[in-house]
Amino acid sequence: MTNPTTTLPEDDILAQALNWKKDGRKVALATVISTWGSAPRPAGSQLAIDETGQMVGSVSGGCVEGAVIQEALEIIKSGAPKTLEFGVSNDEAWEVGLACGGKINVFVEKLD
């Protein structure tokens with residue numbers, strides 16, 4: 001997703017977040033700070049979210065990404081950064097049909 005007033009590529013997450021800020025939007029940035037085992041996105045991956053839920057980038061996908069977006073919307077309101085931890089053991093992963101478990105830590109902060 002890009003702002004209609006810019007011509008930035010969708011993968012330029014930080015630039016898009018800054019453009020949203022320049023447009024007067026409230027924005028949060030989520031960054032994968034560590035992973036262990038199976039994780040869909042590596043450390044350093046980012047997701048920018050504006051106050052309306054518009055987003056660009058990715059930190060995981062599926063349920064994890066949905067939870068990160070919900071937390072980001074709360075952090076936009078509160079201003080308090082937070083580190084989120086998501087994980088599943090190898091045994092739990094096998095039970096839900098995944099090949100292996102993993103853990104991901106995501107730092108979410110409001111951009112001021």
Side-chain angles (χ1 to χ4, degrees):
M1 296 178 187
T2 59
N3 183 320
T5 62
T6 65
T7 57
L8 294 174
E10 288 184 10
D11 61 349
D12 197 348
I13 299 157
L14 291 176
Q16 182 62 63
L18 290 174
N19 278 330
W20 285 341
K21 288 289 295 170
K22 288 177 188 175
D23 287 346
R25 298 186 202 185
K26 296 176 182 171
V27 180
L29 183 66
T31 305
V32 176
I33 57 173
S34 67
T35 64
W36 174 86
S38 178
R41 304 284 296 151
S45 297
Q46 294 184 307
L47 172 68
I49 306 101
D50 79 357
E51 62 196 299
T52 68
Q54 189 172 6
M55 60 187 172
V56 62
S58 178
V59 292
S60 179
C63 300
V64 169
E65 198 137 288
V68 170
I69 292 165
Q70 289 303 313
E71 288 285 348
L73 293 172
E74 289 301 316
I75 289 166
I76 287 172
K77 293 176 189 172
S78 72
K82 187 185 279 190
T83 299
L84 309 173
E85 183 177 307
F86 302 94
V88 62
S89 71
N90 284 338
D91 291 338
E92 292 168 326
W94 186 256
E95 289 173 16
V96 296
L98 301 173
C100 55
K103 187 160 109 175
I104 178 173
N105 290 321
V106 180
F107 181 71
V108 186
E109 61 190 319
K110 181 179 179 183
L111 295 183
D112 288 321

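Scope of the values below: all heavy atoms of this structure, side chains included, with no hydrogens, waters or symmetry mates.
Summarising the geometry, atom OG belonging to S45 is positioned 7.5 Å from atom CD1 belonging to I13; distances are rounded to the nearest 0.5 Å. To the nearest 0.5 angstrom, L111 atom CG is 13.5 Å from K26 atom NZ. Atom CH2 of W20 sits about 9.0 Å away from atom CE of M55, to the nearest 0.5 Å. Between the NZ atom of K110 and the CD1 atom of I75 there is a distance of 11.0 Å, given to the nearest 0.5 Å.
Remark: E71 engages K82, L84 in a side-chain contact (heavy atoms from CB on, under 4.5 Å) (not counting sequence neighbours). Considering only residues two or more places apart in sequence or on other chains, A72 meets the side-chain contact (heavy atoms from CB on, under 4.5 Å) condition with A28, I49, V108. Remark: K22 pairs with no residue by the salt bridge (Lys or Arg N to Asp or Glu O under 4.0 Å) rule, at least two apart or across chains. In this view, P81 and F107, E109 satisfy the side-chain contact (heavy atoms from CB on, under 4.5 Å) rule, not counting sequence neighbours.
A donor-acceptor pair is defined here as one N or O able to donate and one able to accept, closer than 3.5 Å; no such pair exists between the side chain of K103 and the backbone of T35.
For the 3.5 Å distance criterion, the side chains of E65 and S60 fail to qualify, holding no donor opposite an acceptor. Between the side chains of N105 and T83, no donor N or O sits under 3.5 Å from an acceptor N or O.
F86 and I33 fall into different hydrophobic clusters, where Ile, Leu, Val, Met, Phe, Trp and Tyr side chains are chained together by heavy-atom contacts under 4.5 Å. Cluster annotation: L73 is connected to V106 through the hydrophobic network of ILVMFWY side chains, with a link wherever side-chain heavy atoms come within less than 4.5 Å.
Scanning both residues, A48 and A17, for their nearest heavy atoms gives CB-CB, 3.9 Å.
Annotation: salt bridge (Lys or Arg N to Asp or Glu O under 4.0 Å) contacts involving residues 39-57, sequence neighbours excluded, comprise R25-D50.
Put simply, the side chain of V27 does not reach to within 4.5 Å of the side chain of I76, judged on heavy atoms.
L18 shares a hydrophobic cluster with no other residue; no ILVMFWY side chain has heavy atoms under 4.5 Å from its own.
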